[in-house]
Amino acid sequence: MKAYLYDNLDGDQRLPHDSGKPVDVEELSKLGVHYYRIDTVEGVNQLAAARGYRNRDEITVSPATMGAAYEAKVKSFFDEHLHEDEEIRYIRDGVGYFDVRNKGDQWVRVQLEKDDLLILPAGIYHRFTTDETNYIQAMRLFKEEPKWTPLNRSGELDGNPYRKEYVSHFLG
């Protein structure tokens with residue numbers, strides 16, 4: 001895992017956009033973002049049991065697996081959004097980026113690769129993209145039935161109870 005402030009330069013979203021300003025795991029945890037390096041599925045199973053994750057699925061994001069829908073899907077993942085539940089991703093293969101907003105509303109880019117696990121809290125604004133290899137395989141973990149409901153950022157969304165709770169707990 002490597003994390004840093006996003007450089008905000010125009011260009012392909014799949015490039016590193018590394019500003020040269022690193023962000024450490026402690027700074028991420030202050031935003032409610034938790035990172036783990038886990039090299040076995042058994043380790044993931046232990047974390048899942050400890051955190052009450054009962055369901056999971058796997059997704060492979062690539063042109064080979066998604067065909068013509070790939071470009072549109074990756075662009076939709078990159079729209080700034082939040083979820084009303086934790087987002088947990090365990091990277092099985094490939095490389096991708098999760099961008100999260102810090103207290104100053106700047107983007108922090110978190111580069112993940114095989115054996116990295118990231119937990120984003122409910123209510124955090126974020127986005128995702130593959131890197132320039134256009135390939136990532138990830139396990140998604142859920143406390144309840146798998147659901148994927150992104151709520152794209154808007155002024156109205158600031159009144160969402162999950163967003164309000166996140167802001168009061170981590171940004172307030």
Side-chain angles (χ1 to χ4, degrees), residues 1-41 43-44 46-48 51 53 56-66 69-83 85-142 148 150-153 166 170-171:
M1 188 273 310
K2 179 180 177 184
Y4 46 86
L5 291 179
Y6 190 85
D7 67 15
N8 287 316
L9 298 176
D10 289 335
D12 189 337
Q13 71 193 34
R14 296 169 236 205
L15 296 176
H17 289 280
D18 189 343
S19 67
K21 297 174 185 166
V23 173
D24 63 24
V25 173
E26 184 177 317
E27 288 178 73
L28 288 174
S29 69
K30 289 177 184 175
L31 299 173
V33 176
H34 300 287
Y35 167 77
Y36 300 89
R37 179 87 176 158
I38 304 175
D39 61 2
T40 65
V41 172
V44 173
Q46 291 172 4
L47 179 75
R51 293 185 69 94
Y53 303 138
R56 65 183 68 183
D57 68 8
E58 290 201 21
I59 184 170
T60 301
V61 179
S62 75
T65 59
M66 301 176 116
Y70 173 77
E71 289 293 333
K73 187 55 93 174
V74 169
K75 286 190 186 314
S76 75
F77 291 156
F78 201 65
D79 288 336
E80 184 173 5
H81 62 279
L82 64 77
H83 299 282
D85 50 359
E86 286 185 336
E87 182 165 346
I88 306 93
R89 299 295 180 264
Y90 176 59
I91 308 306
R92 305 291 308 264
D93 197 17
V95 179
Y97 301 108
F98 275 90
D99 297 338
V100 298
R101 293 285 189 176
N102 69 9
K103 286 187 178 188
D105 208 33
Q106 298 171 295
W107 284 117
V108 174
R109 176 153 276 196
V110 182
Q111 178 181 328
L112 300 175
E113 58 188 36
K114 186 178 183 323
D115 297 334
D116 288 339
L117 185 141
L118 195 70
I119 302 172
L120 301 180
I124 190 172
Y125 285 126
H126 66 282
R127 61 191 184 186
F128 170 79
T129 188
T130 59
D131 73 350
E132 61 270 15
T133 65
N134 296 316
Y135 173 80
I136 194 163
Q137 181 184 5
M139 179 185 293
R140 304 183 296 185
L141 293 94
F142 306 90
W148 176 254
L151 303 174
N152 288 345
R153 187 170 185 173
Y166 175 78
F170 294 105
L171 304 181

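Note: hydrogens, waters and symmetry copies are ignored here, and every other heavy atom, side chains too, is used.
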**Item:** Option from R89, R92, R140 for which salt bridge (Lys or Arg N to Asp or Glu O under 4.0 Å) with D57 holds
**Value:** R140
**Prompt:** Mind checking whether D99 and T129 have side chains closer than 4.5 Å, heavy atoms only?
**Reply:** no
**Asked** Can you tell if the side chain of F77 reaches within under 4.5 Å of the side chain of Q13, non-hydrogen atoms only?
**Response** no
**Prompt:** Any side-chain hydrogen bond (donor to acceptor under 3.5 Å, both in side chains) pairs touching residues 26-38, not counting sequence neighbours?
**Reply:** Y35-D116, R37-D116
**Complete:** d(R101 CZ, L171 CG) to nearest 0.5 Å is 11.5 Å
**Request:** Hey, could you give me the CZ/OH distance between R14 and Y97, rounded to the nearest 0.5 Å?
**Result:** 11.5 Å
**Item:** OH-CG distance between Y125 and L82, expressed to the nearest 0.5 angstrom
**Value:** 5.5 Å
**Message:** Would you say that P63 contacts E71 through its side chain, given a criterion of any heavy-atom pair below 4.5 Å between the two side chains?
**Reply:** no
**Request:** Evaluate the side-chain proximity of V108 to L5: yes if any heavy-atom separation is below 4.5 Å, no if none is.
**Result:** yes
**Message:** Would R153 and D105 count as a salt bridge (charged side-chain N to carboxylate O under 4.0 Å, His left out) here? Give the steps.
**Reply:** CA-CA 13 Å; R153 187 170 185 173; D105 208 33; 3.4 Å; yes
**Message:** Are the side chains of V41 and R56 in contact, using a 4.5 Å heavy-atom criterion?
**Reply:** yes
**Request:** To the nearest 0.5 Å, tell me how far K75 NZ sits from Y70 OH.
**Result:** 9.5 Å
**Fill in**
Distance col, row I124:CD1 vs E86:CD, nearest 0.5 angstrom, shows 11.5 Å
**Request:** Evaluate the ring planes of H17 and Y6, with Trp represented by its six-membered ring, and classify them as parallel (under 30°), tilted (30 to 60°) or perpendicular (over 60°).
**Result:** parallel
**Request:** For residues N8 and Q106, determine if any side-chain heavy atom of one lies less than 4.5 Å from a side-chain heavy atom of the other.
**Result:** no
**Prompt:** For the atom pair CZ (F128) and CG (L120), what is the distance rounded to the nearest 0.5 Å?
**Reply:** 11.0 Å
**Request:** Check whether any side-chain heavy atom of F98 sits under 4.5 Å from a side-chain heavy atom of V33, and report yes or no.
**Result:** no
**Asked** Heavy-atom count around D12 CG within 6.0 Å, excluding the residue itself: above 12?
**Response** yes
